[in-house]
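Residue numbers start from 1 in every chain, and the chains themselves are labelled A, B, ... in the order their sequence lines are given, proteins ahead of strands.
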Protein chains: 2
Amino acid sequence: MSCKNTIMRLSEYRRILCKLKALGFTRVFSDHLAGALDISPALVRKDFSDFGLTGNRKSGYTVDELIEKMNMILRKDKVEPVIVVGCGGIGRALMEYNAFAGEGIRIVAGFDSRPELHDLKGTIPVHDISRLEVYIKGHNIKTAILAVPESSAGDMADFLISRGVTGILNVAPIPLKGYDNCVIRNINFLHELENTIYFASMLDSKQK
Amino acid sequence: MSCKNTIMRLSEYRRILCKLKALGFTRVFSDHLAGALDISPALVRKDFSDFGLTGNRKSGYTVDELIEKMNMILRKDKVEPVIVVGCGGIGRALMEYNAFAGEGIRIVAGFDSRPELHDLKGTIPVHDISRLEVYIKGHNIKTAILAVPESSAGDMADFLISRGVTGILNVAPIPLKGYDNCVIRNINFLHELENTIYFASMLDSKQK
DNA sequence: TAAATATCGATAAATTAATATTCATAATTG
DNA sequence: CAATTATGAATATTAATTTATCGATATTTA
């Protein structure tokens, strides 16, 4: 049915729609959104129709209605509690990442094995990794950001999954496979940078 | 010719091949790599053949040869200097990211407008943003990680591009479009997390 | 040395994703 | 109120990506 790309675009549509709303727009056309995302209007309409987002001929889509329905689709009707496992550089940065606030995502706690990183009094507490299991069960955590070193990423993912986590955003430097009972989304900064450098150098050689 | 996915997989192949080499393996089969990446052996062979990476029937591919040729393709024959623009949480974390070291990527400097973040004596200096232009020209910088707030991301990207940067890894919370003379790769943590949560909740509803 | 087997390489098929086209219709205009 | 126009919705087409198939051939083994 709907692929990863579609959902990713849904997030982008939503972001732009919120901007439009703030600017006072009440209606929007597929053509406008297509321009903003650098895709074809047809794809916008197809994406929308896949999720039952309908508009009106001649007068386009209603901004409010789109945002509301997208919020439902993207599960933004309630706040999703998310934990961060591994509070080194990247983990810490994501714990304090501003862009999550007000977007239905709340980082509720961090976990790390290093005692010097523990902090039970901060706005977002950092617990010892030993408290992970109890916390997940107690707070019914379903989503985690995994930012541990390569050596422990696999084991930690297995542990999270065994304790009921169903979605992992993995920013550890090793890609992990998803399972039947858990979605894993990998972000590998090294690979992304390599990719960027590769295509940049292709540009160079083309233009010469 | 070769799409983004192929290059991304090339990075993954390479990562695994380096592991195999460290373990003493000298040869590898498409089937093994396919298992590691959770794709079909046919795709591995196709990816390889796209880049002229050949093996031998019955005895597979030579690990060393693959790594060497992939290093060429991914421009790892020399160290690529990369700057970080915006040294807040994410920017700082990526400046100090260990996984780049020894992988042909060196973060050479950071830039930020906030004086309190300046640090000219650290291992990786953080300069005022005003020094960006001179630095890029002086060090012939082609690649940048963009980690500034949403409000300045677009302008800053334009500036980088106008000064000769041809590849940008954009982790600012707003996707940017690429141009003819610069590749932009967007990583949006909010969108990634939304995507993860969406597919996780789909899993849930399927299993019930 | 001949037969068996595992694996690559190339091609074809299937799947997935994106775009183009066509049609119906609501709004606008004269 | 009829004609025009802009737009969504549905469908068809194209493109892209991935997987499956099959022949050729090194390697192994008897």
Within this structure, what is the [atom1]-to-[atom2] distance between [X] and [N], rounded to whole angstrom?
X       : N      : atom1 : atom2 : value
A:Phe29 : C:dA26 : CZ    : P     : 15 Å
A:Lys4  : C:dA18 : NZ    : P     : 11 Å
B:Asn56 : D:dT25 : CG    : P     : 13 Å
A:Met8  : C:dT16 : CE    : C1'   : 18 Å
B:Asn5  : C:dA17 : CG    : P     : 11 Å
B:Phe48 : C:dT7  : CZ    : C1'   : 14 Å
A:Asp50 : C:dT16 : CG    : C1'   : 13 Å
A:Arg45 : D:dT7  : CZ    : P     : 10 Å

Answer yes or no: does atom NZ of B:Lys76 have more than 12 heavy-atom neighbours from other residues, nucleotides or ligands under 6.0 Å?
yes
Reckon [X] has a side-chain N or O less than 4.0 Å from the OP1 or OP2 of [N]?
X       : N      : answer
A:Arg9  : C:dA18 : yes
A:Ser49 : D:dA9  : no
B:Ser59 : D:dA26 : no

- prompt: Is A:Tyr61 touching bases, backbone alone, or none of the nucleic acid, heavy atoms closer than 4.0 Å?
  reply: sugar-phosphate
* Check whether the side chains of B:Arg185 and A:Thr196 place a donor and an acceptor atom closer than 3.5 Å, and report yes or no. => no
For the base of C:dT5, is there a side-chain donor-acceptor partner from B:Lys58 under 3.5 Å away? yes
- Going by an N to O cut-off under 4.0 Å, is there a salt bridge joining A:Arg15 and B:Glu194? no
Worksheet item: Does a salt bridge link B:Lys142 with B:Glu80, judged by any charged N lying under 4.0 Å from a carboxylate O?
Response: no
Winner on side-chain proximity to A:Thr54, out of D:dT19, C:dT19, D:dA9, is D:dA9
Partner of A:Leu146 under side-chain contact (heavy atoms from CB on, under 4.5 Å), picked from A:Leu176, A:Asn186, A:Val84, A:Ile184, is A:Leu176
DNA chain D nearest-nucleotide lookup for A:Arg57 and A:Lys46: closer to the 5′ end is A:Arg57
